[in-house]
Amino acid sequence: MSKTVIIGGVAGGASAAARLRRLKEDEEIIILEKGDYISYANCGLPYHIGGTIENQDDLLLQTPEMMQKRFNIEVRIQNEVTKINPTKQEITVYDSNKDETYQETYDNLIIATGSSPLRPNIPGIDSPLIQTLWTVNDTTKIKTIIQQDHIQHVTIVGGGFIGLEMAENIKEAGKEVSLVEATNQVMAPLDFDMAQILHKHMQEHGVHLHLEDGVTSFEEDASQILVHLQSGKQIKSDLVLLAIGVRPNSALAKEAGLEMNARGGIIVDQHMRTSIPNIYAVGDVVEVTEFISQDKSMIPLAGPANKQGRIAADNIAGIASRYEGTQASSIVKVFDLTVACTGLNEKSLVKKEIPYASILFSQNSHATYYPGAKPMMIKLLFSKDGSKIYGGQIVGEEGVDKRIDTLGVAIRLGASIHDLKELELAYAPPYSSAKDPINMAGFVAGNLLEGHVSFAKWDEVETNQDAIILDVREPQEVSNFGLENAINIPLGSLRQELAQLDPNKEYIIFCAVGVRAYNAYRLLQQHGFKHLKVYPGGMRYYRLTH
């Protein structure tokens with residue numbers, strides 16, 4: 001009988017333990033967890049603070065007692081591994097329950113120590129009025145603080161997933177919320193043009209956004225805290241929540257001599273094996289291969305961590321499973337919007353010097369004639385020959401999740417934009433359209449590559465002063481909202497009014513969502529107009545971004 005010791009629980013460690021037990025009934029399996037919980041839904045923590053998940057116990061996926069009873073796995077909580085000795089295949093463990101240190105041997109070791117929130121060296125950051133959300137205990141503490149009557153204003157520093165979820169949940173708990181982000185947008189996986197939609201939505205829900213304005217210091221003022229920003233602004237708050245990012249908990253591995261990357265990630269092969277025999281590593285603590293570019297990266301996500309734990313267990317059991325890379329598929333709810341991404345964004349493609357083409361268009365979640373259809377903005381990035389899909393981003397109120405998952409599968413299986421046209425997807429009016437938004441992504445991308453359409457950038461109305469704005473909506477639509485100096489010729493009248501337009505001029509064509517503008521483009525192009533662009537997403541998208 002051999003022994004596998006797992007350092008850390010939650011996603012990677014707990015999944016590795018359960019998988020290994022299913023494969024090897026005679027294996028001795030021990031999980032050592034320095035905290036109080038071995039397996040909990042850390043992605044659900046903000047929703048417990050906001051009250052959506054009322055019972056904290058609902059966040060606990062496994063307990064030590066359940067792991068012992070169901071899987072015959074020994075779990076030791078409040079047992080912190082302080083040293084790994086690869087030569088002796090032995091670890092040193094501090095048991096805080098007994099206040100004693102002991103040695104534990106292993107045949108195989110899995111490091112699943114995860115990551116921890118960043119607390120940069122900013123003056124005043126050690127104030128008790130500044131908290132981070134990462135564990136169940138953090139959640140309990142923050143929830144208790146939030147419920148106090150004097151807590152009226154909360155500042156969140158960082159616009160990533162946790163920052164956005166906390167902004168929503170604390171706002172819905174009845175508090176004023178300011179969100180500070182040092183870059184020019186929230187949710188870094190989105191491109192700036194898509195993030196603009198999110199900015200507007202958060203402001204409409206009362207969140208005070210401070211973008212491109214980092215924190216320089218914190219200062220306690222009686223029972224409040226002043227957040228000093230680079231711009232000179234000050235935000236007076238009752239509580240500050242840090243959500244700046246995470247760093248891998250890799251000090252143990254580094255001290256043990258495992259090969260590391262420059263960012264402190266443990267280097268592993270496709271079998272999740274480290275540079276030292278019989279030691280595996282999984283989850284936030286490891287370096288991964290980014291699936292599209294095959295570059296090395298650090299991508300801390302729960303889904304990949306679970307898969308990596310399973311793969312490590314397979315290999316310990318003699319099954320040569322391989323981890324093929326992280327695609328960085330992600331999704332977040334922000335008030336009424338769902339925001340989702342998969343693959344590379346435009347910023348990454350530019351940085352990696354990968355040539356690409358892109359489209360951005362608006363589509364409804366289901367058939368418009370069926371009540372309740374909600375608009376989505378979809379961005380697709382792909383190779384210039386259409387043979388590869390590099391990434392997708394979707395922002396909308398409904399139907400976002402299944403479309404981003406479809407794109408994620410397409411990318412993973414090597415589909416082209418032409419394959420998107422051919423996908424046969426389930427259709428009924430309450431759920432989709434006869435041409436699903438994913439099919440439409442293929443059609444629009446194909447039209448772009450075949451020269452049937454060209455698109456303006458989201459800010460081209462302002463940056464291209466030579467272009468004439470042609471609005472092909474009906475007059476009553478224009479009267480509700482129109483652009484200054486635009487020429488209004490409804491699509492139905494355009495053939496008869498061509499003489500009004502100079503075919504040698506440059507035009508940006510608008511309609512409500514882009515469909516009529518595309519039809520106008522095709523009409524004008526076939527009448528000799530050479531310099532045409534459709535404004536993507538039409539006036540709907542323009543108003544969201546302006």
Side-chain angles (χ1 to χ4, degrees), residues 159-161 164 183-198 245-246 261-263 265 270 284 286-305 307-308 323-332 338-361 376-396 400-420 423 437-438 441-442 444-446 448-449 455 457-458 536:
F161 295 103
L164 295 178
T183 68
N184 65 352
Q185 68 171 82
V186 299
M187 195 171 174
L190 280 181
D191 285 316
F192 183 73
D193 49 7
M194 296 291 280
Q196 292 281 73
I197 307 169
L198 188 51
V246 298
N261 69 11
R263 295 174 62 185
Q270 286 187 307
D284 290 5
V286 304
E287 175 187 84
V288 297
T289 299
E290 192 282 311
F291 182 76
I292 308 293
S293 67
Q294 293 296 294
D295 291 340
K296 299 300 181 182
S297 186
M298 302 291 293
I299 307 176
L301 291 170
K307 296 178 183 70
Q308 292 160 13
Y323 186 68
E324 301 293 347
T326 300
Q327 205 169 308
S329 297
S330 56
I331 191 166
V332 63
T338 300
V339 184
C341 312
T342 188
L344 294 176
N345 59 21
E346 194 166 7
K347 292 172 290 192
S348 298
L349 291 167
V350 171
K351 184 177 180 179
K352 296 174 186 293
E353 298 182 342
I354 299 174
Y356 69 95
S358 70
I359 56 169
L360 191 152
F361 66 102
M376 296 182 289
M377 287 305 302
I378 301 172
K379 184 171 186 177
L380 190 70
L381 301 152
F382 46 93
S383 63
K384 294 210 168 195
D385 64 357
S387 64
K388 293 181 180 179
I389 302 170
Y390 292 141
Q393 303 165 40
I394 309 178
V395 179
V400 171
D401 51 347
K402 69 176 181 178
R403 274 55 184 240
I404 205 69
D405 286 342
T406 304
L407 284 178
V409 171
I411 292 172
R412 180 65 63 158
L413 297 182
S416 69
I417 62 149
H418 308 291
D419 294 320
L420 297 184
L423 288 178
I438 295 300
V444 176
L448 176 68
L449 296 185
F455 291 102
K457 296 186 180 300
W458 73 274

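Quick note: numbers below take in every heavy atom, side chains included, and nothing from hydrogens, waters or symmetry partners. All figures in this text were calculated on a predicted structure; none of them were measured in a lab. By convention here, the first residue in the shown sequence is residue 1.
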Next item on the list: Determine whether more than 12 heavy atoms belonging to other residues, nucleotides or ligands lie under 6.0 Å from atom NZ of Lys388.
Entry: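 Result for NZ/Lys388: open.
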Next item on the list: Using a cut-off of 6.0 Å, state whether more than 12 heavy atoms not belonging to Lys352 lie near its atom NZ.
Entry: yes
Report yes if some heavy atom in the side chain of [X] is under 4.5 Å from a heavy atom in the side chain of [Y]; otherwise report no.
X	Y	result
Met377	Asp193	no
Met376	Thr338	no
Tyr323	Val286	no
Tyr390	Ser383	yes
Trp458	Phe192	yes

Roughly how far, to the nearest 0.5 Å, is the [atom2] atom of [Y] from the [atom1] atom of [X]?
X	Y	atom1	atom2	result
Glu346	Ser358	CD	OG	5.0 Å
Asn345	Tyr356	CG	OH	9.5 Å
Gln393	Leu381	CD	CG	6.0 Å
Ile404	Ile411	CD1	CD1	7.5 Å
Asp401	Ile394	CG	CD1	9.0 Å
Arg412	Leu407	CZ	CG	14.0 Å

Margin query: If you apply the rule side-chain contact (heavy atoms from CB on, under 4.5 Å), what do you find for Val395 with Leu198, and how did you get there?
Written below: CA-CA 8 Å; Val395 179; Leu198 188 51; 5.6 Å; no
Checklist line | Test side-chain contact (heavy atoms from CB on, under 4.5 Å) applied to Leu449 and Asp385, step by step | finding: CA-CA 7 Å; Leu449 296 185; Asp385 64 357; 6.0 Å; no
Which heavy atom in [X] sits nearest to a heavy atom in [Y], and how many Å separate them?
X	Y	answer
Ile359	Ala445	CD1-N, 3.7 Å
Leu301	Asp284	N-OD1, 3.8 Å
Ile299	Ala328	CG2-CB, 4.1 Å
His418	Gly386	CD2-O, 4.3 Å
Ala410	Leu420	CB-CD2, 4.0 Å
Ala357	Lys384	N-CG, 4.3 Å

Check: When you measure from the side chain of Ser348 to the backbone N and O of Leu344, does any donor-acceptor pair fall under 3.5 Å?
Finding: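 No, Ser348 side chain to Leu344 backbone: no donor-acceptor pair under 3.5 Å.
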Check: Are the side chain of Gln294 and the backbone N or O of Phe291 linked by a donor-acceptor pair below 3.5 Å?
Finding: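 Side chain of Gln294 to backbone of Phe291: a pair is present.
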Notebook entry, point to check: Between Ser297 and Thr326, does a side-chain contact (heavy atoms from CB on, under 4.5 Å) hold up when you go through it step by step?
Noted result: CA-CA 9 Å; Ser297 186; Thr326 300; over 6 Å; no
Check: For the side chain to side chain donor-acceptor pair (under 3.5 Å) test, which of Gln185, Gln196, Lys347, Lys379 pairs with Asp191?
Finding: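 The side chain to side chain donor-acceptor pair (under 3.5 Å) with Asp191 is passed solely by Lys379 among Gln185, Gln196, Lys347, Lys379.
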Check: Do Gln327 and Thr342 get their side chains close enough for a donor-acceptor pair, meaning under 3.5 Å?
Finding: yes
Note to self: For a quick check under 3.5 Å, do Thr289 and Lys296 share a side-chain donor-acceptor pair by atom type?
What the structure shows: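 A pair is found: one side chain offers a donor N or O, the other an acceptor, under 3.5 Å apart.
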Item checked: Worked verdict on Ile378 versus Leu360 for side-chain contact (heavy atoms from CB on, under 4.5 Å) -> CA-CA 6 Å; Ile378 301 172; Leu360 191 152; over 6 Å; no
